[in-house]
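For reference, the structure discussed in these notes is given below.
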Amino acid sequence: MSLKIATWNVNSLRQRLTHLERLAEDQAPDVICLQETKVDDPLFPGDALAEMGYSHQVFRGQKAYNGVAILSRIPFKRRDHRIWCQKDDKRHVEVTLPGGLELHNFYVPSGGSIPDPEKNDKFAHKLSFLEEMAQWARSQTRGRKVLIVGDLNVAPLENDVWNHKRLVRSIGHTPGESQRIADLLEAGALVDAPRQFTPPDQPLYSWWGYRFPQAFERDYGWRLDHAFASQSLMPEIRRIETLRDARSWQKPSDHVPVIVELAA
DNA sequence: ATGGTAGACGTTCTA
């Protein structure tokens with residue numbers, strides 16, 4: 001038996017329903033964690049998703065920005081969320097699955113464009129958010145079966161971006177952000193699961209921007225979408241796949257799904 | 001030197 005969990009920043013759920021249908025057909029994930037749904041809860045397309053087989057749903061959205069959801073073929077034992085940085089901007093939702101796996105879905109602030117927290121409130125917010133995650137993980141992930149997934153908006157390792165030297169002063173790949181991801185892993189005794197399957201000396205990306213011409217064709221990618229497992233969960237992870245192909249679909253999201261397959 | 005595209009929204013903001 002196995003349990004497949006997908007994480008995907010869809011960059012507008014309503015623009016990506018046919019893409020989700022294709023993911024469901026091609027990969028048949030049991031659980032799908034979404035980020036940047038960009039839809040307020042009353043407009044959530046729950047019926048269309050239920051028709052794809054995902055009748056169990058938790059969603060926390062808002063108009064135009066942010067928003068997270070977890071879709072599932074299997075019922076949840078428990079659902080919850082937390083407010084981060086005293087700001088209810090719909091960046092986290094959590095479920096417990098049968099068997100006791102605690103699944104956290106995050107959308108970390110992107111952080112704007114100037115990598116200086118003194119001059120850029122959005123970057124300050126991002127750094128605080130990551131620090132709060134580490135503080136939280138210290139008490140909430142150790143010794144438990146926890147999987148943290150989502151768009152963390154940080155590519156922490158050199159081979160998580162297409163050109164480390166060129167991008168090391170760009171938001172998403174600054175040493176301060178990478179250090180905070182390392183702090184989160186350390187604080188929560190968490191493992192960067194995809195990097196156990198694809199060694200850190202090899203490139204691994206999940207996002208190719210829209211702006212740079214032919215970003216995907218030239219493989220100008222970043223690994224922004226993550227799966228961090230607690231130590232007790234790690235032995236259950238059978239394989240992890242990044243669906244690069246989804247970036248070449250019609251009207252794609254700028255992110256592709258990452259799939260974690262657990263023995264269950 | 002500060003581009004380029006996409007999405008939601010509404011006469012711009014965010015990524």
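We name chains A, B, ... by the order of the sequence lines, and we start the count at 1 in each one. Hydrogens, waters and symmetry mates are skipped; everything else that's a heavy atom, side chains included, is used. Given the structure is predicted, the values throughout are model-derived calculations rather than measurements.
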[X] and [Y]: aromatic ring centres closer than 6.0 Å?
X	Y	value
A:Tyr220	A:Trp162	yes
A:His92	A:Trp84	yes
A:Trp136	A:His104	yes

Please report the distance separating the [atom1] of [N] from the corresponding atom of [M], rounded so that it comes out in whole Å.
N	M	atom1	result
B:dA15	B:dG3	C1'	15 Å
B:dA1	B:dC13	C1'	23 Å
B:dT14	B:dC9	P	14 Å

In short, A:Leu204 meets A:Pro194 closest at the heavy-atom pair CD2-CB, 4.0 Å

* Whether over 12 other heavy atoms sit under 6.0 Å from A:Arg78 CZ -> yes

Between CD of A:Gln214 and P of B:dT5 the distance, given in whole Å, is 12 Å

A:Phe216 atom CZ is separated from B:dA6 atom C1', nearest whole Å, by 17 Å

Under a 4.0 Å N-O cut-off, is there an ion pair linking A:Glu261 with A:Arg238? no

Once base and sugar-phosphate atoms are separated, protein heavy atoms under 4.0 Å mark nucleotides 8-15 of chain B, 5' to 3', with B, S and - as SSS--BSB

Contacts of A:Pro213 and A:Lys251 projected onto DNA chain B by closest heavy atom; the upstream (5') one is A:Pro213

